[in-house]
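Beneath this line is the structure, given in structure tokens, with notes to follow.
As a basis for the values below, the full set of heavy atoms in this structure was taken, side chains included, without hydrogen atoms, waters or symmetry mates. Numbered from 1 within each chain, the chains take letters A, B, ... in sequence-line order.
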2 protein chains.
Amino acid sequence: MKQNLSDDLLQQLKECLFTGALLPGAELTSQRRMSASLKVSRATVREAVGQLEAEGYVEVRHGGKTRAKNLLEPHFNMSLGEGKALGDNPEFQRQVLEVRAMLEGEAAFYTAQRATDDQLKALDAEYRKMQQRQQETTLEKAKEDLRFHMMIAESSHHLLIISFSQLFYTRFFNAIYGVLIRTLKTNGRYPEGIRAQHSAIHQAIMQRDAEAARSAASEHILYTRRHLEKD
Amino acid sequence: MKQNLSDDLLQQLKECLFTGALLPGAELTSQRRMSASLKVSRATVREAVGQLEAEGYVEVRHGGKTRAKNLLEPHFNMSLGEGKALGDNPEFQRQVLEVRAMLEGEAAFYTAQRATDDQLKALDAEYRKMQQRQQETTLEKAKEDLRFHMMIAESSHHLLIISFSQLFYTRFFNAIYGVLIRTLKTNGRYPEGIRAQHSAIHQAIMQRDAEAARSAASEHILYTRRHLEKD
DNA sequence: ACTCGAAACTGGTCTGACCAAAAGCCTAGG
DNA sequence: CCTAGGCTTTTGGTCAGACCAGTTTCGAGT
């Protein structure tokens with residue numbers, strides 16, 4: 001079962017990618033460092049990294065750092081969501097909310113179960129920052145909201161959820177933002193329920209109550225959807 | 001439009017393969033000769049040849065000559081072999097199951113709510129067909145199972161769920177299939193719970209009971225996951 | 001004619017060097 | 001304060017030449 005050194009290394013690197021030890025967007029150690037720490041030549045490292053790139057798992061730029069790619073990205077280039085045409089479509093916005101409801105519910109669930117203490121601490125800090133800042137533009141509020149949810153997703157230790165969340169939030173930001181705009185228009189102001197819901201999610205995760213976290217996160221999104229349906 | 005030297009060479013070699021200048025079984029010139037005749041270093045040649053091998057176009061044996069493979073071969077591997085490392089990874093398999101649990105739960109939920117009568121009829125027909133056929137290979141059972149779930153997803157009238165399901169099932173079929181194989185190995189036979197669970201999903205959707213459909217579909221997947229964790 | 005081993009291939013790895021692109025840093029000028 | 005500009009470091013891309021390890025080839029000795 002002995003194979004090439006470079007194949008060994010390739011396998012090893014893939015392992016890191018599939019288990020989530022190397023998250024999408026994370027930087028790989030440089031070829032020279034790998035070469036030194038693994039006691040193989042840089043040529044061998046290059047061979048392995050080259051394969052990884054060819055298979056679409058990492059992105060390597062001359063002079064820049066090599067970083068892990070999102071596993072789902074190559075398969076997510078559909079005509080969907082490109083542009084705000086879809087972002088303004090109420091039916092599409094509704095669907096985005098429904099997916100968010102399940103996605104963020106699951107993310108919160110696994111985060112409550114698996115987040116490291118450091119991640120919980122960072123999440124707590126972000127939450128408090130979010131609670132303080134008040135007078136901001138709608139756009140900033142939306143971004144802040146997304147950052148909070150993205151942090152939860154990243155703490156889930158669930159490669160697929162992390163990958164999908166990344167793609168989803170970036171691709172469909174327009175639709176998500178559009179929902180907020182429309183809510184403000186219909187409702188007159190930022191719905192007062194949001195604050196309490198964020199608090200509930202935060203609290204459930206901090207107490208590592210997975211089920212509560214899931215339903216709180218899910219409810220948070222469905223609450224927004226109900227606001228939208230009043231039209 | 002200038003790219004890497006090795007990429008240039010890779011492209012060039014592919015040309016030879018696709019135009020038939022290099023027929024299946026033919027020997028490639030050695031890396032040293034290429035390096036000399038093209039005035040590039042052997043490292044560059046190796047990079048290109050390595051890619052070719054990774055893509056399945058040539059076969060290279062230590063000490064022996066490198067020869068062109070049958071062009072159709074990579075496409076056959078595509079159906080099953082793409083990313084074998086990924087499909088065999090237990091941790092990844094578990095994550096795939098978890099995503100399936102939420103994805104298929106939601107799909108069943110919306111299908112129960114929104115499927116047209118025609119879609120329900122087609123689903124019913126597929127279900128009955130599935131119940132009849134018994135003696136089949138594991139592979140065929142897996143495909144059948146996936147077809148059933150894909151039909152549910154397609155009946156959900158939910159663009160995002162449909163799109164994601166399609167990508168997910170085709171892309172990660174290996175991991176899904178790997179789960180089945182592993183279950184069979186651990187368990188000795190096809191778990192008897194599956195049949196009843198399919199029935200429960202089918203029944204809930206037919207009665208348009210969305211909540212029941214969701215939990216039945218979700219439970220179906222989680223049941224499989226539990227089987228896997230017995231190791 | 002056959003066998004077998006040396007020699008001449010092949011690909012796999014290593015070393016250390018240089019180039020070019022990107023990133024980081026640090027200073028001078030707003 | 002901080003931003004724009006250059007300088008240095010770090011990164012990936014390529015190169016040369018060497019050695020190791022399998023394969024193949026082919027001729028000498030039987």
Side-chain angles (χ1 to χ4, degrees), chain A residues 1-17 21-70 73-74 140, chain B residues 1-17 21-70 73-74 85:
Chain A
M1 191 45 196
K2 195 56 188 160
Q3 41 181 354
N4 290 346
L5 287 185
S6 56
D7 286 350
D8 277 343
L9 177 53
L10 177 59
Q11 191 99 12
Q12 203 172 326
L13 287 173
K14 278 186 181 175
E15 203 78 11
C16 292
L17 287 166
L22 271 173
L23 262 39
E27 298 167 355
L28 271 70
T29 55
S30 83
Q31 297 175 359
R32 283 180 176 82
R33 286 183 202 285
M34 275 193 204
S35 156
S37 67
L38 298 179
K39 271 122 175 171
V40 296
S41 81
R42 196 169 147 235
T44 303
V45 174
R46 280 188 57 74
E47 186 110 5
V49 174
Q51 300 290 337
L52 267 191
E53 184 190 18
E55 291 178 41
Y57 292 122
V58 300
E59 179 187 7
V60 27
R61 285 152 45 238
H62 184 177
K65 293 175 181 174
T66 300
R67 39 182 62 243
K69 286 214 294 192
N70 191 307
E73 190 157 1
E140 278 176 39
Chain B
M1 193 45 193
K2 195 59 188 157
Q3 42 182 352
N4 289 347
L5 287 185
S6 56
D7 286 348
D8 277 343
L9 177 53
L10 177 60
Q11 192 122 2
Q12 204 171 325
L13 287 171
K14 279 187 182 174
E15 291 285 320
C16 294
L17 288 165
L22 273 172
L23 266 49
E27 298 168 356
L28 298 216
T29 55
S30 82
Q31 297 174 0
R32 283 180 176 81
R33 287 183 199 286
M34 276 195 203
S35 158
S37 68
L38 298 178
K39 272 124 177 168
V40 296
S41 79
R42 189 152 86 95
T44 304
V45 174
R46 281 188 57 73
E47 186 110 7
V49 174
Q51 301 289 337
L52 268 191
E53 184 190 17
E55 291 177 41
Y57 291 120
V58 300
E59 179 188 7
V60 27
R61 285 154 45 238
H62 183 176
K65 295 176 181 174
T66 300
R67 41 182 66 242
K69 290 213 295 192
N70 191 310
E73 210 161 322

Notebook entry, point to check: Which nucleotides of nucleotides 4-12 of chain D have their base under 4.0 Å from a protein heavy atom (B), which only their sugar-phosphate (S), and which neither (-), written as one string 5' to 3'?
Noted result: -------BB

Next item on the list: Please work out if B:Val49 contacts a base, only the sugar-phosphate, or nothing of the nucleic acid, heavy-atom cut-off 4.0 Å.
Entry: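 Result for B:Val49 = nothing.
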
Minimum heavy-atom separation for [X] to [Y], with atom names?
{"X": "A:Glu27", "Y": "A:Leu22", "value": "O-CD2, 4.1 Å"}
{"X": "A:Leu13", "Y": "A:Met34", "value": "CD2-CE, 4.0 Å"}
{"X": "B:Val58", "Y": "B:Leu28", "value": "CG1-CD1, 4.2 Å"}
{"X": "A:Ser41", "Y": "A:Ser35", "value": "C-OG, 3.7 Å"}

Item checked: Spacing between B:Leu9 atom CG and D:dC15 atom C1', to the nearest angstrom ->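 It works out to 15 Å between those atoms.
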
Note to self: Without decimals, in angstroms, what is the distance between B:Met34 CE and D:dT14 P?
What the structure shows: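 Taking CE of B:Met34 and P of D:dT14, I get 16 Å after rounding.
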
Next item on the list: Please list, chain by chain and in numerical order, all residues satisfying salt bridge (Lys or Arg N to Asp or Glu O under 4.0 Å) with B:Arg46, sequence neighbours excluded.
Entry: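 A:Glu47.
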
Note to self: Going 5' to 3' along DNA chain C, which are the first and last nucleotides with any atom under 4.0 Å from a heavy atom of chain B?
What the structure shows: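 On DNA chain C, the outermost contacted nucleotides are C:dT10 to C:dT13.
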
Next item on the list: Report yes or no: does A:Arg67 contribute a side-chain atom to a donor-acceptor pair with the main-chain N or O of A:Glu59 at less than 3.5 Å?
Entry: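 Answer holds: no.
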
Checklist line | Interatomic distance, B:Leu10 atom CG to B:Thr44 atom OG1 [nearest 0.5 angstrom] | finding: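 It is 12.5 Å, given to the nearest 0.5 Å.
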
Notebook entry, point to check: Out of B:Leu9, B:Thr29, B:Asp8, which residue meets the side chain to side chain contact (heavy atoms under 4.5 Å, CB included) rule with B:Leu38?
Noted result: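 Among the candidates, only B:Leu9 passes.
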
